[in-house]
Undergrad: 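Handing you a structure now.
All values below come from the heavy atoms of this structure, side chains included, with hydrogens, waters and symmetry mates left out.
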Amino acid sequence: MRITDFYEYDLSKIVSEIRNRKAKKVLLQLPNGVKRFSYEIIDEILKKLGSNSITIDIDANPLYGSCIIDEDLVGKYDLVLHLGHEPYPYWKAPSNVVFIDLFSKVKVPNELLERLTNILERRSLRNVVLLTVQQHKNITDYVLSYLRSRGIYIVGKPLVITGCWFANIAKYLDSIDALVVIAGGLFHAIGAGLHVNASRSVFILDPYSNVVKDVTIDIRKILKIRLWKLKKAEESKTWLLIAGFSGQYRPYIIEELKRHLKAKGVRYYIAYSRYVTLDMLRNVDNKLIDAVIISSCPRLAIEDLSGYEKPVLTPGEALYVLGARNDYTYPW
C-alpha cells in the first residue's frame with residue numbers, strides 16, 4: 001500500500017517551500033491513521049530534491065488537528081510540513097508551519113447522491129448547507145452541482161469544519177432546513193449538530209461506507225445526556241478547570257469562566273495539561289472536586305470523558321450552568 005493509493009498531495013509545493021526557505025531541518029506532521037506513510041513521503045521529497053543534506057524527521061505525537069501543534073518541538077526546525085488539516089481559526093500557528101492539503105481519492109457515487117436527494121425531497125428539506133472536512137474539499141463542488149441539478153438549494157458555499165470550529169453555521173441557520181456533512185463516521189456531524197443545538201436535521205454523506213444517514217436522533221440523545229450532566233453540575237461547590245497548551249490554550253475562555261465562577265461564589269482550581277485522558281483526570285481528581293471543565297478540546301467532555309462519574313463539561317456547558325448563557329451552547 002502506498003499513500004498515493006488513497007490520498008493526493010502537492011509534492012511540488014512541499015519542495016518549493018523547502019527550497020524557498022533554505023530549510024535544512026524539516027519536521028513532517030501527519031494526522032493519526034496516516035503516520036505510517038511518513039517514510040514514503042520523506043523518500044519522495046528527498047528524491048525530488050535530489051539532496052541528502054536535508055534532515056526530515058517525523059512528529060510521532062498524537063495529531064488530531066491544527067490546534068494541538070507542539071510549539072516547543074516545531075521551534076527546533078526550519079520548516080514544519082503539516083499535512084491534512086486546515087489552519088486553526090482560533091490560533092495562529094508558528095510561522096515555520098506550512099499547511100499542505102491531503103485530499104482523499106474517494107469519490108461520491110451518483111447512487112449515493114440520488115439516495116440523499118430522495119430523502120431530502122421526501123421530507124421537504126429543500127434548503128441545505130454543505131459541510132465537509134479538509135480531505136474532501138476536492139469533491140464538494142461535484143456534490144453541490146448534483147444537488148442543485150435536482151432542485152436542492154445549497155445555501156452559501158460549502159463550509160469546512162476545522163475541529164471545534166464550524167465556519168459560522170449560525171449565520172445560515174434561519175435559511176436552512178438541514179445540514180449535510182461530507183465525512184466518514186459520526187464525529188464531525190455530531191459536532192455540527194451540537195453547534196446548532198439539534199435545531200435542524202443533520203445528515204452524514206459518508207463516501208467511505210457509501211452511507212447516507214440522518215443522525216439528528218443520535219445528536220438529540222447526546223444532548224439529553226449533556227443536559228442531565230448539566231443538571232448534576234448545578235449544585236457543584238468546587239470546580240476543576242483544566243486548561244490546554246498552544247492552540248488549545250484559550251485565555252479568553254478561561255478568564256470568562258473564572259469571572260462567572262467567582263460571581264457564583266464557588267471555589268475553583270486550575271490545572272494545565274497538554275493531553276487530557278481518563279488516567280490523567282483520575283490522577284488529578286480528588287473527592288473535594290464536584291465538577292470539571294475542559295477548556296482545551298471540547299470533544300473530550302462529549303466523548304472521551306462522558307462516562308466519568310462526575311460532570312465533565314465543555315466551556316459552553318459550564319457557562320450555561322453558571323448562568324452566563326440562556327441556552328445550550330457548544331463549544332463555548
Side-chain angles (χ1 to χ4, degrees), residues 86 89 106-227 298-299 302-303 314 316-317 320 325-332:
E86 295 276 299
V106 69
K107 304 298 180 185
V108 180
N110 287 348
E111 294 81 4
L112 191 63
L113 293 172
E114 183 69 15
R115 206 179 312 157
L116 172 63
T117 304
N118 289 337
I119 294 171
L120 294 174
E121 288 178 339
R122 189 165 62 246
R123 295 175 53 180
S124 299
L125 302 172
R126 290 284 181 178
N127 301 300
V128 169
V129 65
L130 279 181
L131 300 104
T132 190
V133 290
Q134 188 276 333
Q135 62 263 38
H136 297 310
K137 289 191 302 180
N138 55 330
I139 60 175
T140 53
D141 286 345
Y142 183 78
V143 174
L144 183 150
S145 297
Y146 187 98
L147 294 178
R148 279 183 175 167
S149 72
R150 289 296 308 274
I152 302 299
Y153 180 67
I154 306 299
V155 178
K157 296 179 179 179
L159 306 174
V160 179
I161 300 172
T162 304
C164 56
W165 187 73
F166 300 96
N168 300 318
I169 301 174
K171 71 180 181 182
Y172 299 113
L173 207 52
D174 292 337
S175 308
I176 61 173
D177 306 312
L179 288 69
V180 173
V181 181
I182 307 168
L186 290 167
F187 184 87
H188 297 94
I190 285 173
L194 290 174
H195 187 62
V196 301
N197 211 353
S199 61
R200 299 293 185 275
S201 296
V202 181
F203 293 89
I204 291 175
L205 184 68
D206 187 336
Y208 298 102
S209 57
N210 282 340
V211 166
V212 173
K213 183 181 180 183
D214 183 347
V215 294
T216 315
I217 292 176
D218 302 82
I219 294 162
R220 286 176 179 159
K221 285 179 181 177
I222 292 172
L223 271 173
K224 287 178 181 178
I225 294 170
R226 301 315 300 169
L227 291 171
R299 296 307 286 266
I302 302 294
E303 278 106 353
T314 69
E317 291 172 342
Y320 178 57
R325 299 282 190 275
N326 295 322
D327 203 352
Y328 183 88
T329 304
Y330 174 82
W332 41 68

Undergrad: Return the CG to OG distance between Asp174 and Ser199, rounded to the nearest 0.5 Å.
TA: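 If we round to the nearest 0.5 Å, Asp174:CG and Ser199:OG are 9.5 Å apart.
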
Undergrad: Could you report the tightest heavy-atom contact between Ser124 and Asp177, atom names first, then the distance?
TA: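 Heavy atoms only, the tightest pair is O-OD2, 4.2 Å.
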
Undergrad: What pair of heavy atoms forms the shortest contact from Val106 to Pro207, and how long is it?
TA: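 Closest approach of Val106 to Pro207: CG2-O, 3.2 Å.
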
Undergrad: Validate the cation-pi geometry between Arg299 and Phe187: distance from NZ or CZ to the six-membered ring centre under 6.0 Å, angle to the ring axis within 45°.
TA: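 Checked: cation-pi criterion met.
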
Undergrad: Do Tyr146 and Thr117 make a side-chain contact, defined as non-hydrogen atoms from C-beta onward lying under 4.5 Å apart?
TA: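 Answer yes - side chains close enough.
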
Undergrad: How long is the straight-line distance from CG of Leu112 back to NZ of Lys107, given to the nearest 0.5 Å?
TA: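 One finds 14.5 Å between NZ of Lys107 and CG of Leu112.
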
Undergrad: Determine yes or no for a side-chain-to-main-chain donor-acceptor pair under 3.5 angstrom, with Thr140 supplying the side chain and Lys137 the backbone.
TA: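 Yes; judged by distance alone, with no hydrogens or angles, the pair exists.
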
Undergrad: Which residue pairs satisfy the salt bridge (charged side-chain N to carboxylate O under 4.0 Å, His left out) criterion with at least one member in residues 188-207, sequence neighbours excluded?
TA: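 Qualifying pairs, neighbours excluded: none.
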
Undergrad: Using the rule side-chain contact (heavy atoms from CB on, under 4.5 Å), only one of Ile152, Val128, Ile154 pairs with Leu144; which is it?
TA: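 So the option named by the test is Ile154.
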
Undergrad: Let me see the working for Tyr172 and Asn127 under side-chain contact (heavy atoms from CB on, under 4.5 Å), right down to the final yes or no.
TA: CA-CA 10 Å; Tyr172 299 113; Asn127 301 300; over 6 Å; no

Undergrad: Return the CG to CD1 distance between Leu116 and Ile204, rounded to the nearest 0.5 Å.
TA: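 With rounding to 0.5 Å, CG (Leu116) is 12.0 Å from CD1 (Ile204).
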
Undergrad: Would you check, one step at a time, whether the test side-chain contact (heavy atoms from CB on, under 4.5 Å) holds for Ile169 with His195?
TA: CA-CA 8 Å; Ile169 301 174; His195 187 62; 4.2 Å; yes

Undergrad: Hey, which of Val129, Leu179, Leu130 is the one that makes side-chain contact (heavy atoms from CB on, under 4.5 Å) with Leu159?
TA: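 With Leu159 as partner, side-chain contact (heavy atoms from CB on, under 4.5 Å) holds for just one option, Val129.
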
Undergrad: Determine whether Asn118 and Arg150 make a side-chain contact, defined as any pair of heavy atoms from C-beta on separated by less than 4.5 Å.
TA: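 Asn118 vs Arg150: side chains touch.
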
Undergrad: For Arg325 and Tyr320, which heavy atoms make the closest approach, and how far apart are they?
TA: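 Between these two residues, the closest heavy atoms are O-CD1, 3.4 Å.
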
Undergrad: Drop me the distance from Ile176's CD1 to Leu125's CG, to the nearest 0.5 angstrom.
TA: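 Between Ile176 CD1 and Leu125 CG, I get 10.5 Å after rounding to 0.5 Å.
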
Undergrad: What is the distance from atom CD of Gln134 to atom CD1 of Ile161, rounded to the nearest 0.5 Å?
TA: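 Interatomic distance, Gln134 CD to Ile161 CD1, rounded to 0.5 Å: 13.0 Å.
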
Undergrad: Calculate, to the nearest 0.5 Å, the distance between atoms OG1 and CH2 belonging to Thr162 and Trp165 respectively.
TA: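 Spacing of OG1 (Thr162) from CH2 (Trp165) equals 6.0 Å.
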
Undergrad: Looking only at heavy atoms, which two atoms of Ala192 and Phe166 are closest? And how far apart?
TA: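 Scanning both residues, the minimum pair turns out to be N-CE2, 3.4 Å.
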
Undergrad: Could you please spell out the steps behind the side-chain contact (heavy atoms from CB on, under 4.5 Å) verdict for His188 and Ile182?
TA: CA-CA 9 Å; His188 297 94; Ile182 307 168; over 6 Å; no

Undergrad: Would you say Glu317 and Tyr330 are linked by a side-chain donor-acceptor pair, where the criterion is simply a distance under 3.5 Å?
TA: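 Tyr330 vs Glu317: no donor-acceptor pair found between side chains.
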
Undergrad: Tabulate below the donor-acceptor pairs under 3.5 Å that side-chain atoms of residues 210-221 make, not counting sequence neighbours, or state none.
TA:
unit_1	atom_1	unit_2	atom_2	d
Asp214	OD1	Thr216	N	2.9
Asp214	OD1	Thr216	OG1	2.5
Asp214	OD2	Arg123	NH1	2.5
Asp214	OD2	Arg123	NH2	3.1
Thr216	OG1	Val202	N	2.9
Arg220	NH2	Ala198	O	3.3

Undergrad: Would Tyr153 and Ser175 count as a side-chain contact (heavy atoms from CB on, under 4.5 Å) here? Give the steps.
TA: CA-CA 10 Å; Tyr153 180 67; Ser175 308; over 6 Å; no

